[in-house]
Amino acid sequence: MSAIGEAALSGFLDLLVGKSLDSALNFVADHYQLHQQLKQWQSILPDIQAVLDDAEEKQIKNMGVKKWLEDLQDLAYDVDDILDEFAYEELRLNLQDTQAQARPSKIRKFIPERIIRSIFPPTSFQFNNSMITKVKDITDSLNSLTTRRSSLGLSEILSQAATSKGKQPRLQPTSVLDGVVEYVGRHKEKTEMIELLKGNNYNGVSVLSIVGMGGMGKTTLAQLVYNDATINESFDLKAWVCVSDNFDAIAITKAILQSITSESCDYSYLDLLQVKLKEKLSGKRFLLVLDDIWNENYNYWTILRSPFGAGTTIIVTTRLQIVSSIVDPLKVFHLDKLSDDDCLSIFTQHALKARNFDGHPQFKEIGEKIIRRCNGLPLAAKAIGSLLRTVKYHREWERIYESEIWNLPEEQCGIIPALRLSYHHLPSYLKRCFAYCSIIPKDYEFEEEEIILLWRAEGLLQQKAMPQVKDIGNQYFQDLVSRSFFQTSSKDESRFVMHDFINDLAQVVAGDICSKQEGDMQQKLSNRTRHSSYIAGEYDTVKKFEAFDQVKSLRTFLPLIFSRNYVWGPFLTNVVLLDLLPRLGYLGVLCLSGYKIKELPDVFENLKHLRYLNFSNTHIKCLPDSLCTLYHLETLLLRRCWKLQRLPSKMGNLVNLHYLDIRGADLIERIPFRIDKLTNLQRLSNFIIGEGDGHSIRELKYLSNLKGDFCLSGLENVNEDAGEAKLNEKQGIDRLVLKWSWDTRKKEVEEWVLDSLHPSKKLEQLVIQNFGGAKFSTWIADSSFKNMLSLELRNCQNCKSLPSIGRLLLLKDLSIGGLRQVHKIGAELLGENQSNAFASLESLCFDNMLNWEEWDLCEDDEQVSKFPSLRFLSITKCPLLLGRLPTILQSLQKLEIYECQRLVVSISSFPLLCELSIAGCEELVDEGSLSVQKVTSLKHASLSNISKCNISAERILLRFANSETFKISGWELGSLSQIGLRLVGHRFIEIVSCPQLVSLAAEEERLQLDKIPGVESLFIRDCERLSRLPEALHAFPFITRITLADCPGLVCFAESNFPPALKELRIVNCVNLQYLVDEKENTNKSMSTNTCLLERLDISCCPSLIWLSSRDDICNRFQHLKIRCWSKLSSLVLNAKLPVMLKQLFIGDCPMLECIAQDFLETTDLESIVIHDAEKIKSLPRGLDKLSHLQEIRLFRCPNLVSLEESGLPTTNLRVLSIGGCENFRALTKCINNFTSFRELAVWKCSADISFPEEGFPTNLTSLQISNAPKIYTSLVEWGFYRLTSPQKLNISGEGCSRVASFPEEAIGMMLLPLSPISASIDLKIWNSCAPRAYNTSPLFNDWPSMIVLSSPLFQKKICFSRLSVYLFGVVRW
C-alpha cells in the first residue's frame, strides 16, 4: 500500500499558500464574498500543513489518518485548479485591456468610466460571481479537514531530522560473507579492484568508489574484495564501517579504531580519536571500507580523512554520484545490471538451493520469467528467490510472478524498502518530480528535455527567476541521474531509462494519483487519478479509453510511442478528439504526438488549464484559432509536423509561452506577426522570415529571454533591418543557425545582413548555411568569442576564402562543406597568431569541396601549430584535392577519407591512430618513420578502392594485424597473406568485391597454436573466385557468425566440422554450393549433434544444394531455420526429423520439396511456421496440435495443400493463421472458435469449396480477411460481424459478394456490423470489381457490384472509421 509523502504534499501546499493564493486575493479584492472566503483559506492551509509530519508517521497504522491525507491531497489539487481559473481570468482581462488600449474608441472618450461600468458590468465581476459556489465548497471541505484533524489527534512536530522520518531501523551489513552462497556476476570488477589495491603505491590516501542504485550489489562486491586471501596478504590492517545515514565523524573514527585494535574506546573527542588512530596506522598498509555513504558535505569528508596517510586505501560504496565525486576516487566502479544467467544462479541458490533448474524442471519456465522480471538486479533475484524458498507448488510461483512488486510482503521481500531508502533521502522538490515519473512505462527511453517540460507544466520546478527554469530542470534531472533513479540507456546515450523496480517505487510513492496503461492490460483508473499515460497502439479504439470516463479532474493525458513497429498507425479514434477531450477540462498536459491526425477540433477554449501541448509527428495542416485562448500555455511542440502550413495569426496572445518547437515543420513559411508579445519565450527553434516580411526581424529584439538552440531562417528576405534583431544582447543562446535559401541576390546585401547579425560573445556553436556573399564577416573569427566550441560553414557557394578561424582558441569542432569557390586553403585560415592556432581543435571535417585543390599547411614554419589536439579528421568528396595530409598529427585517433581520388594518404606520423576508413584515394602510405614502440595497432580498419598501397608487409602486420574490425573492398588480391595480413587477431572481418581472391590464407600458412584466432564474425560477399574457406576454420574457438554471399566458386562451406562456437550461418546466392560440410571423403565429417552450437541457419538461392545433411545428425540446437530458392531440395534431411529446439521454420521457393518432416512431436518449442511457393507439399507433418508455443502459421501458394492435420491446431497461443493461393485447400481446422489467443485470420484464393466452420470464428479476432470464398460469405453474414469485439481490419472481397446490396438497417444490423457503439477504428475501402489493379494493393471491402446504399444508421453511428474510400461504383447512394 502506498503512503502519502509529507514532503511532497507539503511542497505542493507551499506553492498554494504562497504566490498563487496571494495573486487570487489581489484579483478578487473588490469582491467581498470571494475575498473573505480566500482569506479563510489563507489561515486554514498553514494550520493543516503544520501537522503533516505527524500525519505521515501515523498513516501507516491508522487508516483514518491515511484517508485524511488522501482527501487533503485531492483537495489541494482542487484548490490549485480554482486558483488557476482566477489566474486565467486575470490574464484574459489584462490582454483584453492591452488590446483595447491599442485601438481606443472615439465614443468611450466622451462617456465617464463610472457610467460605462454601471451599464456594462465588468466581465471579471460576472466571472467572480460564477466562482462563489466553487470557492464555498472548498472552504467547507477545508473546515471539515480541520475538524477531522482534531478528532484524529494530529499535532505539530516541532523538530525532526529530515532523513529519519518514515523509516524503520535497518539491519546494517557487515564485512562477513555468507559462506553458504556462491557469489557470481562481479568477477571482472573484483579482479580489477584487487589488482589496483595490490599494486597501489600512491603517496597519499587512495580511494576506490563503487556506485550504483540500491540492490545492485555494491556491498557484496566490497565484501568479496575485502575478504580475498591476496588482500589479507597485501595489507597489515583492515576495517569495515557501515556509515549509512548519519555521517558522524566521531562515531566512524571510533569504529575504525576499535576494529583495528579489537579494544573498546572511551574517547569522545574527535581530536583524541584521530591522534590515536594516526599512531596506530603509522607505517602500516591499511584497507578501510566505508559502506553506504550518503554524506554530500565535502568538509565532513575532509575532516574524517585527515588521520590517514600513505599506505591507506579506502573503498567507498554509495548510491550517489555526487558522493563519489566528493571523495575524489582513483577509479569509479559503476555497477550495471547482472546478466540473466548470473541472476538465475542467485535466484536458484536462494529458491532451490541449486545452481540451475536441472533438478527442478517443473519450475524452469516460470522461473526464467521471474528472472527476466528481476531485470539484472541481484537484490531482486535474492529477495524473490528467498520468498519462494519454501514454496513447492507451481501455481504459487505463478502468483508471485503475476504480483506487482509492491504487493509482495515487505517483511519477507526487501526490494521496495531497500529502494524506498533512496526516496527518503531526496529533498521534497525532487520527491514530487520523481513521483510524477511513475507515469513513465517500464523500458520506455526518454530524453532529459522531454521530462523537464512535463515537470514544468505541472509546476514542479521551483522557479525563482523566469530565465532559470531550464537550468533548474536540468539540475533536478541530473540530480536524479546521479542518485541512480534514472540511468543512461544502453542503446542511446542521449536517452534515459528507469530500472523496473525504480519504476515500481515511483508507482508506490505516487499511489492512485498517477496511472499508466501498459501493454494490452487495461488498468482501471481511480477517480483520484490526475496523471495518466498509455502506450499508443496501431489502432486506438474507443474501448481503450473507457477507463477515462470516470476520471473527472485529469491533468495529464500522455500517449507514448513505445516503438516504431507500426504498420500504418498509430491511429486514434475521433471520439477522443470530439468527445473525451472537451470533457477533460482540467488538463494541463495534452499529448497527441505520433498519431496520424489530420485535423484538430476547435475545442481548446474549454481547456483553459493547458500548459503543455504536443502535436509532434502528426499530419495536421493547421492549428485551430481557439488554441490562442490558452493563456497559461507554456510549451507547444510541433516537431516534424511536415504537413503544417501555418501558425495561428493570434499567437501573440499566448503570453506565457516559454517553448515553441517547430523543427521539421518545413512547410511553415513565416512566423506570425506580434510574436514580440511573447516576452517569456525561452526556446524558439526557428524564427522564419517570410517573403516580404523582412521587417519582422525587428520583433526579435523584444525576445530577450531566448536561450539554447535558435535558428534564424529566411534571411534572404531581410535587408536593412537585420541589426534590429539585437542578437548580440541574447546571451542565453548557446547555438545559433543563420540560414538563407538557395535564392541568389546581390552579394553586398547578403554580406551586410551577416555583418549585422553579430551574436553574443557567450555563443558556443555557430552554423552558417547557404550564405550568398563573397566573403565572411570578420566577427565570425573574432577572438573575443571565448566560449566558441563549434563552427559549421555549409553551402556558402560564393565564398572564395575562409575566415581566420584559428583565432578561436577554444574551438573544438570545425566543419566546412559545399564551398565550391574555394580552391586553396592556406595561412589565412590560421590567423595572425599562427603558432597557437587550433590549439584545442579535436574534430575537423571537409566535405563536398568540389574545386578544392590545395591545402597549404605552412609546415615549413616550425613555429606553426600542427593541430596538437586533433582526434578526428574527415575529408569527403573533394575529388581535386592533391598532395598529402598534415605530416604530424600526434593526437589523431580517427581518420576518414572518402572519394578523394587524387589524395595521398600517409599515416606514417599518426602514432595514436586507432580507426581508419578509406574509400577512394590515390595512395595509402606508411613509411615507418615512427618506431615500433610508438605505434598503436588500429582497432577498426576499412580500406576500399585504393589505387596504390605503399606499405611494407611488416608495417601492415604492425598496423592492421590486431584490429578489432577489418574490412577490405575492391582489392586485387589472391589471398590476405599476399599483403601480409592474417585472420589471427581480428574480431570482425569483412571482405567485399575482391574478384581475384581465391583463399583467405596462403597454402603454406598454418594456424599457429600459440596465436588463437579471435575472429567472432566473418562476412564475405562478391568474391567470385573464392573456392574454399581456411581448412583450420573448424578450430576457430570464438567465431559465432558467418555470412557468405555471391561467391559462385564456393563448393562446400567447411571441409571439416563447423566451428565449435558458430551460432549463426547465412549463405546467399552461392550457386555452386553442394555441401555445408564436405561428406565425400570422410563420413565422420558432418554437423555433429554433440558439438554443433548453430542456432540460426539461413540459406537462400543455392540451387546446387540438395539437403542440409545426408545423415541423421542435423544440429539439434537450430532455433531459426530459413531456406529459400532451393530448386533441387526434395527433403530437408534424410531421416525427416527436425531439430528439437527449433522455434522458427521458414521455407520458400522450393518447388521440389515434398517432405518437411515426419512429425512435430519432438519439436515442441516451435513458434512460427511460414511456407510459400512449395508446389509439392500436400500436408504438414503430424503433431501440430501438440505445439503449445506455436503463435503463427502462414501458408502461401502451396497448390497441392488440401488441409491441415485432422487433429487440429494448438488452442493456447496461436495468434495468426493465414492461408493464401492454395487452390486445393478445402477445410479450416475444427474448433477454431476455442483459440483463446487468436487475433488474425486470412483465407484467400483457396478452394471454392472451403466452408465456414460450424462453430463460427473466435470473437476476439482483430483482423479478418476473406477473399474468393463464396460458401464462407453466406455463413459469415448469418453468423454476424457483430460478434467481433475488437475488429481493426476487415477485408471481405471477391466472387460471392455480389448479392449484398446495402449495409442493413438498424433492425437487422446485427447480421453484419459490430454492435458496440463505435467499437472499432476501421480503415474501410469499398471497391467495385472493375477498379484499377493499382488500387487493389490493400482492399478492405472489394468486389461488391450490387452495393448501392451506405446510409443505414448502423453504418453511420456504430463504427468509427479512420478512412473511408469509395471507388468506381456505378451507383452509390448515401
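Residues F615 and Y595 place their aromatic rings such that the two centres sit no closer than 6.0 Å. You'll find the ring centres of Y586 and Y77 outside the 6.0 Å limit.
Here the CG atom belonging to D504 is positioned 9.0 Å from the CE atom belonging to M498, to the nearest 0.5 angstrom. Put simply, CG on L610 and CG on L627 are 8.5 Å apart, with the number rounded to the nearest 0.5 Å. One distance of note links CZ of F86 with CZ of F27; it measures 7.5 Å at 0.5 Å rounding. Note that OH of Y612 and CG of L630 are 15.0 Å apart. Values are rounded to the nearest 0.5 Å.
Applying the salt bridge (Lys or Arg N to Asp or Glu O under 4.0 Å) test between D78 and each of R530, K134, R528 identifies R530 as the sole match.
Ring geometry for F434 versus Y423: interplanar angle of 30 to 60°, hence tilted.
Using a 4.0 Å cut-off between a side-chain N of Lys or Arg and a carboxylate O of Asp or Glu, R149 and D54 do not qualify as a salt bridge. In this structure, R611 pairs ionically with D84, as a charged nitrogen and a carboxylate oxygen lie closer than 4.0 Å. We find that R92 and E89 are joined by a salt bridge, their nearest charged nitrogen and carboxylate oxygen being less than 4.0 Å apart.
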Next on the checklist: Please determine whether salt bridge (Lys or Arg N to Asp or Glu O under 4.0 Å) holds for the pair D549 and R583, giving the CA-CA distance in whole Å, both sets of side-chain angles, and the decisive distance to 0.1 Å.
Outcome noted: CA-CA 9 Å; D549 290 341; R583 290 190 279 115; 3.7 Å; yes

